[in-house]
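Working notes, beginning with the structure itself.
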Amino acid sequence: MNDPEKRGAGDLVTSAHSGAGKAGKKSDDETVNGVVVKTLEAVEEPELDSRIAANGQPAPAPATKLEEGHSHGRKKTSEGSEHDANAPIYVDFEEGDPRNPVNFSYPKKWKITILSCFATMIAAYNAGGYNVGFASMTRDLNATTFQATIGLSLYALGFGLFPMVTASFSEEVGRLPIYVISAFGVLSMYIMVALAPNIQTVLVARFLQGGFGSTWATNVGGTLADIWMPHERGLPMSIFAFAALGGTGVGPLLGGWVEHNPKLQWKWIEWIEMMICAIYPILVPFMLRETRSSIIITRIARRIRKETGDARYRARIEDERASLATLIYISCTRPIHLLLTEPVITSFSLWIGFAWGVLYCMIESISLIFSTTYGFNIGQTGSIFSTMIIGSLFGMVTNILQERLYKKYHPTRGPEARLYFACVAAIAFPAGMFIYAWTSFPHVPWIAPAIGITFFIWATFVIYLAVFTYLADCYGPFASSALAGQSLCRNLAGTAFPLFTRQMFDRLSYKWANTLFGCIAVLMMPIPFKEEQVFGYGDGFEEVKKK
């Protein structure tokens, strides 16, 4: 078979046996006809967690390649060294193998990227779209506005807590099944909210919907890392950030006019969003593929074992993988461990966490300010959320310039080359809050606070993307745990901030409450400027390895 995509297990086995038979004076691994046979030393990787050994057992003894036809006992190679004939034969992708997700064709990569980012946008607009239906929801369910606001917070809480457990399942079943399960979970929660007889049912559904939807934020970043090389990730990651942040404005923009129509209102906000969400599982079979390489190579190894009856053929991850309970323990504890012990992660997590908390406050405060100060109806107020889309578009343009700077200065400055525009955003972030605060007066045109919101969203976009890319560069194999730590911090802030937004505005007024946010942002301004001087290039990864 000439098409690598259609190679069967038999082809792989033949290749493996021929590669194994050539051990001796060859290098540590053979690449023959579609499969690589490697020794244990050649595939050694960083530990899952320095505090936990996989399966609770020491690593297996080093394996070597076997001569073809030798099935038991010990055998001397041409070098004269002895090898255990029962030792595992590890298979891996050969260079350029199109089954390896990083070698997918560009059309396939872009289909996966677009559909994954579409899912991220669904999760994002669900957060803000819910908020604009408060008036009719509280009327129909005989609830208070504060009770409805809890639904906004619980969505963020589900977003933060669920990945600590569910992220480990991708180690066992891959990313694709998790995406499909999440899609049907989110869809079912739309139905539960729309048909809810009371506010308590809405709150439970919102928490679960945030949990299911969290897959479309946490796993999508991993999916993009699976298929794009580091120097190719600039545009895909900026699209992902646009979906995550700009999508937050899409929900209120559409939902505001649905709420404004007395024949539709809050139930139809949910039904319409559910219809949009239903597009995703329909497209999954045509556009999405498994992208976790360890899952794919494990399936290949299993197929080889089944067709040959030879249990020696294995994927390295099969021997390294811990039990699901251990993986969940690692997933829950290591992000917190890094968050509390790594200054880089702590400072960036506090920064993006505060920005995310203010964003969730803004989702609620925009309706208050533009309805009471400028007399906007709910549809017009929803249109103001288009500033989030505009600010995110500016962020995408900025990222093009940032990527050029990164490519130019990365050889000399390392990961800190990711932070040039983050330094600018550190200044624009409080500036946007001050503009928003001190233009929220009836005698000032409404466009002025809208400009302040756009500045704030642009800065938040740049910060969000910089945190993702910088921590991924610094922490290498531990990037997922580093990013999980900042994600937890970010979503806990998104949970807490909306709960005191109205009370804070009532006590301090719009201008002073937003001024307080701006002053806190000023205190955080030095964070991106100090990273290189304080922490240095790659210190985070080295420290984690030691621990």
Side-chain angles (χ1 to χ4, degrees), residues 127-128 131-132 134-135 144-150 152-153 156 245 248-249 252 256 350-378 380-388 390-391 424-464 489-490 492-527:
N131 194 71
V132 294
F134 279 5
T144 66
T145 301
F146 180 75
Q147 287 176 315
T149 302
I150 294 174
L152 179 63
S153 293
L245 197 55
T248 307
L350 289 175
W351 195 29
I352 188 59
F354 175 72
W356 213 251
V358 175
L359 173 66
Y360 268 71
C361 277
M362 191 169 284
I363 290 173
E364 190 171 0
S365 69
I366 287 175
S367 299
L368 296 173
I369 290 176
F370 283 87
S371 60
T372 59
T373 304
Y374 297 103
F376 281 19
N377 63 40
I378 190 62
Q380 293 169 326
T381 300
S383 297
I384 294 296
F385 283 88
S386 62
T387 54
M388 293 188 174
I390 296 170
V424 179
I427 300 171
F429 179 31
M433 291 307 303
F434 290 138
I435 294 172
Y436 184 49
W438 291 94
T439 57
S440 300
F441 300 101
H443 60 274
V444 179
W446 64 267
I447 193 67
I451 291 173
I453 296 170
T454 304
F455 259 86
F456 167 79
I457 295 298
W458 173 82
T460 303
F461 182 101
V462 174
I463 294 169
Y464 179 79
C489 192
R490 177 163 49 87
L492 287 179
T495 300
F497 275 55
L499 298 178
F500 59 75
T501 299
R502 287 178 181 263
Q503 297 90 325
M504 184 175 66
F505 284 148
D506 289 342
R507 298 229 178 159
L508 298 179
S509 76
Y510 300 136
K511 64 179 181 181
W512 287 112
N514 287 316
T515 297
L516 176 62
F517 285 147
C519 290
I520 296 173
V522 169
L523 296 177
M524 295 185 170
M525 193 184 297
I527 288 175

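None of these values were measured; they are calculated from a predicted model.
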Inset, instruction - Not counting sequence neighbours, list each pair that qualifies as a salt bridge (charged side-chain N to carboxylate O under 4.0 Å, His left out) and has a residue in residues 506-521. - result: none

Legend entry - Pairs touching residues 350-360 that satisfy salt bridge (charged side-chain N to carboxylate O under 4.0 Å, His left out), sequence neighbours left out: none

Hey, does [Y] have a side-chain heavy atom less than 4.5 Å from the side chain of [X]?
| X | Y | answer |
| --- | --- | --- |
| T515 | M433 | no |
| Q503 | F146 | yes |
| M388 | I363 | yes |

Smallest separation among heavy atoms of [X] and [Y], with atom names:
| X | Y | answer |
| --- | --- | --- |
| G494 | A156 | C-CB, 3.7 Å |
| L368 | F505 | CD1-CD1, 4.2 Å |
| F434 | C519 | CZ-N, 3.8 Å |
| A521 | P430 | CB-CB, 3.8 Å |

Legend entry - Under 3.5 Å: donor-acceptor pair, side chain of Y360, backbone of A127: no

Inset, instruction - Kindly say whether F370 contributes a backbone atom to a donor-acceptor pair with the side chain of T373 at under 3.5 angstrom? - result: no

Quick one: pull up [atom1] in [X] and [atom2] in [Y] and give me the separation to the nearest 0.5 Å.
| X | Y | atom1 | atom2 | answer |
| --- | --- | --- | --- | --- |
| F385 | S367 | CZ | OG | 4.5 Å |
| S440 | N514 | OG | CG | 6.5 Å |
| C361 | L152 | SG | CG | 9.5 Å |
| L359 | R490 | CG | CZ | 10.0 Å |
| M362 | F517 | CE | CZ | 9.0 Å |
| Y436 | Y510 | OH | OH | 8.5 Å |

Legend entry - side chain to side chain contact (heavy atoms under 4.5 Å, CB included) evaluation trace for I427 with M525: CA-CA 6 Å; I427 300 171; M525 193 184 297; 3.9 Å; yes

Inset, instruction - Show the numbers, then the answer: is there a side chain to side chain contact (heavy atoms under 4.5 Å, CB included) between F429 and V522? - result: CA-CA 8 Å; F429 179 31; V522 169; over 6 Å; no

Legend entry - Residue among T381, N131, V132 satisfying side chain to side chain contact (heavy atoms under 4.5 Å, CB included) with P252: V132

Could you pull out every donor-acceptor pair under 3.5 Å between side chains of residues 442-464 and any protein atom, sequence neighbours left out?
residue : atom : partner : partner atom : Å
T454    : OG1  : A450    : O            : 3.0
W458    : NE1  : T398    : OG1          : 2.7
T460    : OG1  : F456    : O            : 2.9

Inset, instruction - Give the intermediate values and the outcome of ring pair (Phe, Tyr, Trp, His ring centres under 6.0 Å) for residues W351 and W356. - result: CA-CA 9 Å; W351 195 29; W356 213 251; over 10 Å; no

